[in-house]
Structure formats: C-alpha cells, structure tokens
Amino acid sequence: MSGTLAFVDGDLLTDVLRDTCLSRRVLDLRELSPDVALRFPCDRSIGLHLVARGTMHLHAPGMADALALSSGDIAVMARGCDHVLSTRPGLEGQRVESIDAELPAGGMPATQASDVISGAYQMWSTPLHPFFAEMPPWSVLRASEMPRLGPIALSTALIEAELRSREPGRTVVVHGLLDVIFALALRAVSAQCAQARSGWSQAVRDPHVRRAIALMHENAAHPWTLDELAQRAGLSRTALAGRFRDAMGDTPLNHLRTLRMQRASRLLADTDRRLEAIARAVGYQDAFGFSKVFKRTLGVSPKEFRRRDAGERKHPYRFHGA
C-alpha cells in the first residue's frame, strides 16, 4: 500500500493499514476432518478464516458455546485471540494439532471433511492503533447476508480456485486476493463498529473530527497544537476537543502521540537509524524528549525496545516479510 493518500477525500483505513506495517501469512487451504482440530496461536496477530466447504466450529476462551460457521462465512479475529477450529461443536474425542504440525494428508472421505482458507496479519509491537483496539474479539460475515456477486463473494471464489490450482504465479495472486478480502472484511467490521457510541470508526463519521485525524495521519511529525488542528478542521478549540473526546474517548494530542509511537516502533524495528533521526521523523526535537515519551508509553526505552525486538526476530511465531 503505497503512494500519496488523498486526505481530503479521506482513505483513513488505507492509512491505518499502511502505518501499522502488517506482516502477512497465508495459512493455505486446509482440510479439517472429524477427528482432528486445528489450534491457531495468535497472540500478536489479527486475521480471518473463510469456510470454503462444509461447516466448522470455532472455539475460543470466553465463548460460552462454539461459534458455528457455514460455507462462505468469514470469521474476522481481533489481535490476540488464540482459538481452535473443528468440524464439531465440542472438542471431545478429537486430536488438537497446532497449525505448525504436519497433518496427515487425506484419510477421510471428502463428504465428511471441511475446507478453510486462513490468513494472519501480525502486529508484533504495541501501541495498537485505536481501530484495532476497538475491534470485537470475533466478527462474522455471513455468506447468507452478503450479495452473491458482491466483491467479497467474488474474491473468495477466486482465491479458492487459485489455492486449488498449481498455475504459475499462484502465490502472487493468492497474496493479492487475501489482501483484498482482508481489507473488505475490515471495512465491514469498521461499519459494524461505527454503530457503537464511541470509538475510532464512529469518530471518523464526524467530518470535522475526521479531518483532524486525517491531518495527524498525513503529517504526524508536524508540531501540531490543538489550536491549529481546530482551525484546520473548521472548529473552535473547545468544540474540537469536546467532539473528539466524545467520539474517540481520547484527546487529539493523545491520539497524535499514539500515531507517533507506532511509527517510532516501526523505525526502531526495521531500520538502523539513530535515535536523533527517529525523534525528528516522528515530531520530537531531540532524542531525550522522544525517549522520555516512548518509555512512558511503551514501558521500555527506545534502545531496549530495539534490542528486545532484534532478539525476538527468531521467535517461532514471528512473521517475516509481507
């Protein structure tokens, strides 16, 4: 996701995804049989499951009953929701395998199996953008409620066909289609979240608050003040502060700090730039002031964050690349 964003029209979701710098992993088309369940350890990932065939049940901590999924349904997961997929409402009598285990191929008649396409998008470090923080643990997009020729239905049919094929360029096509489905699913989840009384998805429906948010996304390094944000958003200082707080449950300058710390975390993890350069890139005049805010927000100094991140790059569940 690159290029110059048109913030007047406001594609804020694209900007959120770009700034979050997600790492993707396609977990392929998997067959589930009645005697095997799959465990997905996802403490630092968000993701989705698309049921390509049959029925499935999703088991997660805190669920009173397993979540039933039918062919064409998409389950969208917030960050940190470890869970198990099975073909049965209960897990009794099933062998639970991790997604990293080598599963036996075949062994059950096709009529007794179910197929699932899964994808995970990892956010290894915090802080989380408010959009991801407000996501419910699970959201389900039901095939019965989606247009049969709508973009999600068409995209899922295409990705299933590609995963079942061995045509040249399959990997590129699958990754591109997964990104499309993921973005469309997040768009739908955002629309659901917008029905809440407060939160990021609700806030961006207010054109003045949206404009202030877009300005901060567009140039987080700018020395924004509440007065300048209010003027550029077309409101008084008091009005912007009140509407922002009512919609987001936060202040504009606290939101700006979150954006800056997100970008700083990415620069610390993915570049070898000096602290002074990173501080200036995210809106601080010197490394001392930046380090003080960083430690207060993330609980560790920038140097310790960079050292810890380097050590965690060999973690078995950490994704590498897009």
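This chain uses plain numbering: 1 for the first residue, then up along the sequence. Computed from a prediction, not measured in an experiment: that's the story for all the values here.
- Two residues are said to be in side-chain contact when any heavy atoms from C-beta on lie closer than 4.5 Å; Met261 and Phe290 meet this criterion.
- A single hydrophobic cluster is not seen to contain both Val96 and Leu85; linkage of ILVMFWY side chains at heavy-atom distances under 4.5 Å, directly or through other members, places them apart.
- Using a 30° and 60° split on the angle between ring planes, His59 and His57 fall in the tilted class, from 30° to 60°.
- In the hydrophobic cluster analysis, where Ile, Leu, Val, Met, Phe, Trp and Tyr join through side-chain heavy atoms closer than 4.5 angstrom, Val140 is grouped together with Leu32.
- Here the NE2 atom belonging to His255 is positioned 4.0 Å from the CG atom belonging to Leu259, to the nearest 0.5 angstrom.
- Under the rule for a salt bridge (charged side-chain N to carboxylate O under 4.0 Å, His left out), the partners of Arg274 that lie at least two apart in sequence or sit in another chain are Glu276.
- Taking CE of Met135 as the start and CE of Met77 as the end, the distance is 8.5 Å to the nearest 0.5 Å.
- Around CD of Gln192, the count of heavy atoms belonging to other residues, nucleotides or ligands within 6.0 Å exceeds 12.
- With sequence neighbours excluded, the residues forming a salt bridge (charged side-chain N to carboxylate O under 4.0 Å, His left out) with Arg44 are Glu312, listed by chain and number.
- Asp35 and Ser33 form a side-chain donor-acceptor contact under 3.5 Å, judged by distance and modelled atom types alone.
- At a threshold of 4.5 Å between side-chain heavy atoms, the hydrophobic network of Ile, Leu, Val, Met, Phe, Trp and Tyr places Val173 and Ile152 in one connected group.
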(request) Tell me, with the steps shown, if Phe131 and Val204 meet side-chain contact (heavy atoms from CB on, under 4.5 Å). (result) CA-CA 10 Å; Phe131 170 68; Val204 297; over 6 Å; no
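- Residues Asp73 and Met56 fail the side-chain proximity criterion, which asks for heavy atoms closer than 4.5 Å.
- One side chain, Ser190 or Ser201, offers a donor N or O that lies under 3.5 Å from an acceptor on the other.
- Put simply, the side chain of Thr271 reaches to within 4.5 Å of the side chain of Arg306, judged on heavy atoms.
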(message) I'd like to know whether Ile213 forms a side-chain contact (heavy atoms from CB on, under 4.5 Å) with Arg210, so could you lay out the CA-CA distance, the side-chain angles of the two residues, the decisive distance to 0.1 Å, and finally the verdict.
(response) CA-CA 5 Å; Ile213 293 173; Arg210 181 187 183 94; 5.7 Å; no
(message) Determine whether Leu50 and Ile159 satisfy the following criterion, side-chain contact (heavy atoms from CB on, under 4.5 Å), listing intermediate values before the conclusion.
(response) CA-CA 10 Å; Leu50 163 63; Ile159 197 171; 4.3 Å; yes
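- In this structure, CZ in Arg263 is found 12.0 Å from OG1 in Thr258, a value given to the nearest 0.5 Å.
- Within the 4.5 Å cutoff, no side-chain heavy atoms of Leu184 are placed close to those of Met146.
- Around the CZ atom of Arg164, the shell of radius 6.0 Å holds more than 12 heavy atoms that belong to other residues, nucleotides or ligands.
- When every heavy atom of Val84 is checked against every heavy atom of Ala37, the shortest pair comes out as CG1-CB, 3.7 Å.
- The shortest heavy-atom contact between Ala78 and Ile46 is C-CG2, 3.5 Å.
- Looking only at side-chain heavy atoms (C-beta outward), Leu178 and Leu48 come within less than 4.5 Å of each other.
- With hydrophobic clusters built from ILVMFWY side chains whose heavy atoms lie under 4.5 angstrom apart, Val209 shares a cluster with Leu253.
- Within the 4.5 Å cutoff, the side chain of Leu163 has heavy atoms near those of the Arg170 side chain.
- Residues passing the ring-ring contact (aromatic ring centres under 6.0 Å, His included) test with His83 are Phe40, His49, Trp138, sequence neighbours excluded.
- Between atom CE of residue Met123 and atom NE2 of residue His129 there is a gap of 11.0 Å, rounded to the nearest 0.5 Å.
- Here the shortest heavy-atom pairing between Ser155 and Pro151 reads OG-O, 2.7 Å.
- Inter-residue side-chain proximity for Arg142 and Leu69 is flagged as met; some heavy-atom pair is nearer than 4.5 Å.
- For Arg273 (side chain) and Leu267 (main-chain N/O), no donor-acceptor pair under 3.5 Å exists by modelled atom type.
- Heavy atoms only, all atoms of each residue included: Val51 and Ser70 are closest at CB-O, 3.4 Å.
- In this structure a side-chain-to-backbone donor-acceptor pair under 3.5 Å is missing from Arg260 to Phe294.
- By the 4.5 Å heavy-atom criterion applied to side chains, Leu298 and Ser265 are counted as neighbours.
- A distance of 7.5 Å separates CZ of Arg257 from OH of Tyr284, quoted to the nearest 0.5 Å.
- Atom CD of Glu228 sits in a crowded spot, with more than 12 heavy atoms from other residues, nucleotides or ligands closer than 6.0 Å.
- Across all non-hydrogen atoms, the minimal contact from Leu215 to Trp224 is O-CZ2, 3.6 Å.
- Here the rule is salt bridge (Lys or Arg N to Asp or Glu O under 4.0 Å) with Asp206, and of Arg211, Arg245, Arg243 only Arg243 fits it.
- For Ala239 against Ser236, the heavy-atom pair with the smallest separation is N-OG, 3.0 Å.
- Rounded to the nearest 0.5 Å, atoms CG (Leu226) and CD (Gln231) are 11.5 Å apart.
- Val300 and Leu268 fall within a single hydrophobic cluster, where Ile, Leu, Val, Met, Phe, Trp and Tyr are joined by side-chain heavy atoms under 4.5 Å apart, directly or via other members.
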(request) Could you check Leu240 against His208 for side-chain contact (heavy atoms from CB on, under 4.5 Å), going step by step and ending with a plain yes or no? (result) CA-CA 8 Å; Leu240 176 63; His208 298 287; 5.6 Å; no
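- Judged by distance alone, with hydrogens and angles left aside, the side-chain atoms of Glu97 form no donor-acceptor pair with the main-chain N or O of Val36 at under 3.5 Å.
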